Protein chains: 2
Amino acid sequence: MNDVTRTLGTRERLVQTTSRLMQRQGYEATGIKQISREAGVALSSVYHFFPSGKQELAVAAVRHADREFADILREALAGESDPGAAMIACTRLLATYLRDSDWLDGCPITATALETSGRVPDIQQAAREAFEHWRSLVADKLRRAGIAEQDVLDLARTAINTLEGAELDAQVSHSEEPLQIAGRHLARLINSYRR
Amino acid sequence: MNDVTRTLGTRERLVQTTSRLMQRQGYEATGIKQISREAGVALSSVYHFFPSGKQELAVAAVRHADREFADILREALAGESDPGAAMIACTRLLATYLRDSDWLDGCPITATALETSGRVPDIQQAAREAFEHWRSLVADKLRRAGIAEQDVLDLARTAINTLEGAELDAQVSHSEEPLQIAGRHLARLINSYRR
DNA sequence: GTCTATACCCCGATAGAC
DNA sequence: GTCTATCGGGGTATAGAC
């Protein structure tokens, strides 16, 4: 039990706990019993709120992580007017989360998405929607900064993907450097498209 | 049983089968029994060759994937003299593997590395070494193409990381487009560093 | 909605004959 | 080195009282 245990409703606690555990361990290694224990919820209650079990709970957790990271990303992007500087701000934020969690808290959905690839369509769909959502936030930022419309979607896609790859590298390397480098390179790439 | 079953020694068959299964399912979802069955090897033989069990086998599988992908990468890079064109050749190759496997065969070690993050140091170490190895191949290519030494290592790092992120996106999206876009952007970024 | 108890299955790992 | 058999535990999921 932690502070989350007391302030939220049972369903919310389950989703949030599942999201955090799957971020760190992935889908298969995260058990329903572990979730119910850490959320301070009876096992039977899990099946009360999510009758079809683990997959349904995982989908809710991925959607939760989608919204949560979107909020973080939106705020980081809004803090800088220049879009290149905004990407660097994003890498700083990701690096901080990683370091402060002893290199455990990377992208909240990547492990789950990869493990269930081709096997659990509902989870795949939720992951697809999350990436699409995050891309759209970067695209908005680029558009408002005056990047030509024909470049916006492609740049946003590479920006999110480079963040994903650099975050994975940082997590495995226990180093903020891959993210710092990615920030500089993304800023340079975006600047090369400015008119 | 498949063709791999007959042409290789028992140990090699185990490692190769494990590598393929963990590429698609990750570490936790891949069971020792499944491995021994698909490799056509008795369960007890797994423990004969890998006395300390699943973790030891997984480390060997990650090292195998390291060497295997390094061979592929080296060949793709050697096929083009221009380093930007070489990166585009890499994205084409990754896209082909993904499409031809129904979007199942992405990076052979990412899922395993993420799932065991902070929990299985031996696997983490093997994954770290693999990424480092792949980066060094790209760095060689950039160096030979005359990129300034102070830019080589950083560019190689972002190149591998962007490939990783774009491959993840392609796998989740069931589309070659993220990789095509990444190839174009990486070529542009590298060209901006040419002297 | 939450409690306790449990069915049923598959996991990693091992034993001992051959 | 490979065979069959099995152990102990934990997995998901369910039943039925309250």
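Residue numbers begin at 1 in each chain, while the letters A, B, ... track the order of the sequences. Here the structure is a predicted model, which means the values were calculated and not measured.
With dT2(D), dT2(C), dA5(C) as the choices, the nucleotide that has an atom nearest any side-chain atom of F49(A) turns out to be dT2(C). For T10(A), the listed nucleotide lying nearest its side chain is dT2(C); candidates were dA5(C), dT2(C), dA5(D). Nearest to the side chain of I32(B), among dA13(C), dG1(D), dG1(C), sits dA13(C). Minimum atom distance to the side chain of A42(B) is reached by dT2(D), of the listed dT12(D), dA5(D), dT2(D). Listed candidates were dA13(C), dT12(D), dT2(C). Nearest to the side chain of K33(B) is dA13(C).
For the pair Y47(B) OH and dC3(D) P, the interatomic distance rounds to 16 Å; values are reported in whole Å. Protein atom CZ of F50(B) is 14 Å distant from nucleotide atom C1' of dG1(D), rounded to whole Å. Put simply, CD on Q34(B) is 9 Å from P on dG12(C), counting in whole angstrom units. Rounded to an integer number of Å, the gap from R37(B) CZ to dC11(C) C1' is 12 Å. In this structure, H48(B) atom NE2 and dT2(D) atom C1' are separated by 9 Å, rounded to whole Å. dA15(D) atom P lies 13 Å from atom CG of L43(A), rounded to whole Å. Between I35(B) atom CD1 and dC10(C) atom P there is a gap of 17 Å when expressed in whole angstrom units.
Near-neighbour residues of DNA chain D inside residues 53-61 of chain A, defined by a heavy atom below 4.0 Å, number-ordered: G53(A), K54(A).
I35(B) forms part of a hydrophobic cluster together with L14(B), V15(B), L21(B), I32(B), V41(B), L43(B), V46(B), Y47(B), F49(B), F50(B), L57(B), judged by ILVMFWY side-chain heavy-atom separations under 4.5 Å.
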Let me have the donor-acceptor pairs involving side chains of residues 81-99 of chain B, under 3.5 Å, with sequence neighbours excluded, atom names and distances please.
from, atom 1, to, atom 2, distance (Å)
D82(B), OD1, R194(B), NH1, 2.4
D82(B), OD2, G84(B), N, 3.0
D82(B), OD2, A85(B), N, 2.8
T91(B), OG1, I88(B), O, 2.7
T96(B), OG1, R92(B), O, 2.9
R99(B), NE, E176(B), OE2, 2.4

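Both the sub-6.0 Å distance and the 45° axial angle are not jointly satisfied by R119(B) relative to the ring of Y27(B).
Contacts of T30(B) with the nucleic acid, taken as non-hydrogen atoms under 4.0 Å apart, involve only primed sugar atoms and P, OP1 or OP2.
One finds a side-chain N or O of S45(A) lying less than 4.0 angstrom from the OP1 or OP2 phosphate oxygen of dT2(C).
In summary, the aromatic rings of H185(B) and Y193(A) are positioned with their centroids under 6.0 Å apart.
Looking at every heavy atom in both residues, R184(B) comes nearest to D154(A) through NH2-OD2, 2.9 Å.
Using a cut-off of 4.0 Å between Lys/Arg side-chain N and Asp/Glu carboxylate O, K141(B) and E80(B) are scored as not salt-bridged.
Between S44(A) and G31(A), the one whose closest nucleotide on DNA chain D sits nearer the 5' end is G31(A).
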**Message:** Could you walk me through whether Q124(B) and V120(B) satisfy the side-chain contact (heavy atoms from CB on, under 4.5 Å) test, starting with their C-alpha distance in whole Å, then the side-chain angles of each, then the deciding distance to 0.1 Å, before giving a yes or no?
**Reply:** CA-CA 6 Å; Q124(B) 292 292 295; V120(B) 191; 5.7 Å; no
